[in-house]
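Reviewing the structure listed below.
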Number of protein chains: 2
Amino acid sequence: MSTKSSLLTLNSAMTQLMRAIRRVDDAQGLGRARLSALAVLHFGGSCSPSELAEQEMVSRATMHHVLTGLEADGLVVRQPDRSDGRRQLVSLTRRGRATIRKAHAARIAWFEELASGIDAAALATAARVLDDLRMRARQRLH
Amino acid sequence: MSTKSSLLTLNSAMTQLMRAIRRVDDAQGLGRARLSALAVLHFGGSCSPSELAEQEMVSRATMHHVLTGLEADGLVVRQPDRSDGRRQLVSLTRRGRATIRKAHAARIAWFEELASGIDAAALATAARVLDDLRMRARQRLH
DNA sequence: GGGATTAAGTTAGCAATGCTAACAGAATCG
DNA sequence: CGATTCTGTTAGCATTGCTAACTTAATCCC
């Protein structure tokens, strides 16, 4: 199989898989952007709204809306940064951490059920390739 | 690497890659849902709004909005189905086909640049695994 | 045949996501 | 100290997505 035809398949498969995953996320009743922001905070630790926006590849204004909703729901807190009067530090609350843990577990459980019976070595190769592509995409931004 | 840790990596890598791809799609200036609907019509052929909604995993009402926008832009046409007075047949126009071809080419070009230098065999394995997962996810819906 | 049910498309109304533009306050650079 | 830059905020808009209610057409069943 040529590299190009592999990429055609990869593109279409990823697109449709992500569409299916959205339904798993929707069952959490929390909005996709909000769930995703919680995930960044959970796996990357506390950071500023601007850094969060950059991670999620959305505008600062959009992230501001998302954080306002999350704070209203008591899932994150925004605290002023003492060393820089312009910045804030966004952190998960206890409830926020519990929420993202549950949502992440649901995703992984869905994946595990889907992948049952798939060759473990091939799966590991796929994970390695996708992770490699992910890192290259990150670098390409700068 | 255990299956579970492969899935953790796969989940996170896919999520971030799709986030990056959104920016490529956005450059087409056409809205993600509209672009995605065009892709279904392009690769799957003409079908009814309901079938389109099922493919995209959105409600009929949502797909109706998307199609109204696409028709206003002259990218699709909706024709009555003679054999069933309730149904319609949605088809790409010449401009619609040109639009989705261009957008798809942009995605693939982005992938090719990203994947340059990656082992072709590993890439083929990844494509096969993801395509397998995609098919399983489709079946799981029924 | 005819009423009941089901299916398809539409509409209304709402919420969430996302953008740009414009602004205010704080930090930094010259 | 003035100009610039950075951060967060707000306003206003378009798109995406939902459910509920409705219309019309097809089908089911008695």
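Predicted model, so just to flag it, every value in this text is computed and none were measured.
A/M57 places its CE atom 17 Å from the C1' atom of C/dT17, with the value rounded to the nearest Å.
B/D119 places none of its side-chain heavy atoms less than 4.5 Å from the side chain of B/L123.
One finds a side-chain N or O of A/S59 lying less than 4.0 angstrom from the OP1 or OP2 phosphate oxygen of C/dC19. OP1 or OP2 of C/dC19 sits under 4.0 Å from a side-chain N or O of A/T62. Side-chain N/O atoms of A/R34 include none lying less than 4.0 angstrom from OP1 or OP2 on C/dG18. Note on B/H64: a side-chain N or O is less than 4.0 Å away from OP1 or OP2 of C/dT11.
Among residues two or more places apart in sequence or in another chain, the salt bridge (charged side-chain N to carboxylate O under 4.0 Å, His left out) test is passed with B/R136 by B/D132.
Once you apply a 4.0 Å limit to the heavy atoms of chain A, the touched nucleotides of DNA chain D run 5' to 3' over D/dC6 to D/dC18.
A/D81 has no carboxylate O lying under 4.0 Å from a charged side-chain N of A/R86, or vice versa, which leaves the two without a salt bridge.
Residues from residues 75-88 of chain B that place a heavy atom under 4.0 Å from any atom of DNA chain C, listed by number: B/R78, B/R86, B/R87, B/Q88.
In this structure, A/R19 reaches neither bases nor backbone, as no heavy-atom distance under 4.0 Å exists between it and the strands shown.
Heavy-atom minimum distance, B/G74 versus B/T93: O-OG1, 2.7 Å.
B/E51 places a side-chain N or O within 3.5 Å of a backbone atom of B/S48 that can act as its donor or acceptor partner.
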